[in-house]
Every structure is written in C-alpha cells, then in structure tokens.
Amino acid sequence: MQKKYVIFDFDGVIADTEERNKEYMERALSSFGIALTPQDKILLIGRSDNVVLKDILKRGTEPVSMERYLQKRKEIGNSYEDGTIKPMPGLLSFLARLKKRGIRLAIGSSTSARLILAALDLMGLLSYFDVIVCGDMCDHSKPHPEIYQKTICYLHADPAACVIVEDSEVGIQAGLAAGAEVLAYCGAGYGREGILRQDVSKAQMQLNSYEEAGEDFLERLLQ
C-alpha cells in the first residue's frame with residue numbers, strides 16, 4: 001500500500017538526546033549512591049524511564065522512592081529544555097520533502113508531553129507534525145504498541161499506509177506490532193558503535209543519516 005503517513009519516535013530520531021539524557025540521569029542517581037551499568041543504559045533506550053528505574057532505585061544506599069528521584073531530576077534539569085537540543089543533521093530537509101509530497105507527519109514518543117512539546121518548540125519543529133502522542137498519554141510503554149496505535153488512530157490512518165521511524169529494538173517491536181512498516185534510523189551517536197548499538201534487524205529498511213536520504217530513497221520508503 002502507498003504510504004501516506006510517517007510517524008517519528010523522538011529520542012535518537014528527531015534529536016540526539018539519549019547520551020545527554022543519561023548524563024542528567026547519572027547525576028541524579030549518583031546523589032543516591034547509584035551508578036548506571038552498561039546493561040542499564042541498554043535497557044533505558046526507547047523505554048519510559050519509570051519502567052526500568054524502579055529496579056535501579058532499589059540499589060541505593062538507602063531506600064529511594066520514585067518521587068525523590070523525580071524531584072532530584074527536576075532540580076538538575078533536562079536535555080529538552082536546557083537550550084542544547086538540536087535536530088538531527090538533515091532532518092529539516094527530510095521533513096520538508098515529505099511534506100512537499102503530501103505526507104502527514106506525527107510523533108510517537110515514550111517521553112512526557114511537556115518535554116517533547118518544549119523541545120519541538122525550541123527547535124522550531126512543532127508546525128511540522130499533525131499528531132503528537134507521548135508516554136504520559138498512554139497506559140503502556142514500548143515495546144507495547146499502544147503509543148503507535150493511538151498515533152495511527154488520531155491520524156485516521158490505515159496502519160499499512162504508515163511508516164514508523166525508530167532507533168531502538170523495543171520501538172521497532174512496537175511499530176511492527178501496530179501493523180506499520182518500520183524504518184530503523186541509525187544516525188544517533190550511541191547507535192553507530194559500542195555496546196549501546198541496538199538490534200534493528202527486524203525493521204524493513206534502515207537509514208544511517210537523513211542527509212543520505214535522496215529522492216530514490218523516498219520513493220522506496222513510500223511505495
């Protein structure tokens with residue numbers, strides 16, 4: 001089926017936030033005597049923090065409630081509002097070319113709506129997207145397909161007419177379970193090499209950089 005909708009994850013797809021997010025998280029956790037392990041970092045990619053954090057917080061030198069941790073995070077700050085956030089290289093041109101073809105665009109992210117909307121506003125990207133669905137609007141986090149199911153529903157779209165752009169294994173699982181085709185974006189810093197590289201083999205297509213996405217690529221993506 002001809003594709004008419006493209007749905008983007010945010011972290012690692014719209015902006016390269018994953019490493020900066022981990023820095024803020026590590027600063028907050030260290031105040032409770034907790035260090036993130038490499039396995040922790042892998043598990044946190046593409047998921048809502050709270051899903052993984054409950055177990056991590058049990059490792060504190062004293063009991064740490066989610067409320068205490070979230071208060072500490074609020075005090076320290078975040079990568080979505082600190083003024084450092086930038087779109088992925090080539091993203092603006094990629095979005096503009098999709099819009100020119102009449103493609104409707106959306107975001108389906110596990111991150112909270114307040115942070116996603118703040119980041120999109122700072123980057124001047126809000127007007128590109130017809131629908132935005134975030135983690136605090138859903139009962140289930142990825143790899144459950146709810147975020148993408150809701151996004152597709154709000155677009156009034158057939159799942160088979162949708163492409164989902166994801167960077168994480170759990171996100172790819174969610175997109176496929178929602179009935180869409182999935183493009184694995186591998187351009188985020190952590191995704192290019194090292195232990196945090198994700199298994200994106202189940203996605204139908206892969207892209208290393210938006211700057212590499214020529215017209216031939218768009219034709220194949222949307223066919």
Side-chain angles (χ1 to χ4, degrees), residues 8-82 84-86 88 108-116 119 134-136 138-148 164-177 182 184-203 206 208:
F8 294 81
D9 179 32
F10 185 88
D11 296 290
V13 171
I14 295 294
D16 198 354
T17 55
E18 297 282 6
E19 285 301 320
R20 188 79 171 138
N21 287 346
K22 298 302 178 295
E23 290 175 13
Y24 278 111
M25 181 181 290
E26 286 179 317
R27 286 170 59 189
L29 290 172
S30 66
S31 69
F32 303 115
I34 302 172
L36 281 182
T37 68
Q39 183 63 24
D40 292 333
K41 295 178 182 181
I42 292 170
L43 289 174
L44 284 162
I45 294 173
R47 290 179 168 90
S48 169
D49 286 356
N50 293 0
V51 175
V52 182
L53 269 173
K54 289 180 181 178
D55 287 333
I56 294 175
L57 291 175
K58 294 176 183 177
R59 305 202 304 256
T61 53
E62 59 182 78
V64 182
S65 68
M66 185 64 71
E67 290 72 21
R68 282 185 66 197
Y69 167 77
L70 292 176
Q71 180 59 39
K72 180 59 69 173
R73 278 298 304 270
K74 186 176 180 180
E75 293 170 6
I76 290 173
N78 63 76
S79 60
Y80 306 93
E81 300 173 302
D82 67 5
T84 64
I85 196 164
K86 296 178 181 178
M88 288 289 188
S109 171
S110 296
T111 301
S112 71
R114 179 182 68 84
L115 296 178
I116 293 299
C134 297
D136 51 356
C138 300
D139 294 323
H140 305 285
S141 185
K142 302 171 187 175
H144 193 284
E146 181 184 7
I147 288 173
Y148 288 129
I164 291 172
V165 186
E166 264 287 357
D167 66 317
S168 69
E169 185 175 358
V170 293
I172 291 169
Q173 291 173 20
L176 294 174
V182 178
Y185 180 76
C186 304
Y190 73 88
R192 289 190 290 270
E193 59 184 344
I195 61 169
L196 298 185
R197 187 174 179 86
Q198 298 282 290
D199 179 4
V200 299
S201 60
K202 291 184 173 61
Q206 294 185 28
N208 290 321

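- Considering only heavy atoms from C-beta on, Ile14 stays 4.5 Å or farther from Tyr185 through its side chain.
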Give the C-alpha distance, both sets of side-chain angles, the deciding distance and a yes or no for side chain to side chain contact (heavy atoms under 4.5 Å, CB included) between Ile56 and Met25.
CA-CA 11 Å; Ile56 294 175; Met25 181 181 290; 5.6 Å; no
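- How far OG of Ser31 is from CZ of Arg68: 8.0 Å, rounded to the nearest 0.5 Å.
- Nearest heavy-atom pair, Ala15 versus Met88, reported as atom, atom and distance to 0.1 Å: C-CE, 3.7 Å.
- Minimum heavy-atom separation, Arg20 to Thr84: NE-OG1, 3.9 Å.
- Closest non-hydrogen pair, Val200 versus Ala184, comes out as CB-CB, 3.5 Å.
- Note that OG of Ser168 and CD of Gln173 are 8.5 Å apart. Values are rounded to the nearest 0.5 Å.
- Across all their heavy atoms, Gly12 and Ala188 have their closest contact at O-CB, 3.7 Å.
- Judged purely by atom type and a 3.5 angstrom limit, Glu166 has no side-chain atom pairing as donor or acceptor with the backbone of Val182.
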Step-by-step side chain to side chain contact (heavy atoms under 4.5 Å, CB included) determination, Arg73 to Ile76
CA-CA 5 Å; Arg73 278 298 304 270; Ile76 290 173; 5.5 Å; no
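- For Asn21 and Ser79, the side-chain atoms include at least one donor-acceptor pair closer than 3.5 Å.
- Within the 4.5 Å cutoff, the side chain of Tyr69 has heavy atoms near those of the Leu29 side chain.
- For the atom pair OG of Ser109 and NZ of Lys142, the computed distance is 5.5 Å after rounding to the nearest 0.5 Å.
- Once rounded to the nearest 0.5 Å, the distance linking OG of Ser110 with NE2 of His144 reads 12.0 Å.
- A heavy-atom distance below 4.5 Å is not found between the side chains of Leu115 and Phe10.
- Minimum interatomic distance between Ile147 and Cys138 (heavy atoms only, all atoms of both residues): CG1-SG, 3.6 Å.
- Taking both residues in full, the closest heavy atoms of Glu26 and Leu36 are given as CG-CD1, 3.5 Å, listed atom of the first, atom of the second, then distance.
- Taking NZ from Lys202 and CD from Glu169, the interatomic distance works out to 6.0 Å, rounded to the nearest 0.5 Å.
- For the residue pair Tyr80 and Asp11, a side-chain donor N or O sits within less than 3.5 Å of a side-chain acceptor on the partner.
- The side-chain heavy atoms of Met66 and Lys54, taken from C-beta on, include a pair separated by under 4.5 Å.
- Residues Phe32 and Arg59 have side chains not in contact (no heavy-atom distance under 4.5 Å, counting atoms from C-beta outward).
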Evaluate Tyr148 against Leu176 for side chain to side chain contact (heavy atoms under 4.5 Å, CB included), listing each step before the verdict.
CA-CA 9 Å; Tyr148 288 129; Leu176 294 174; over 6 Å; no
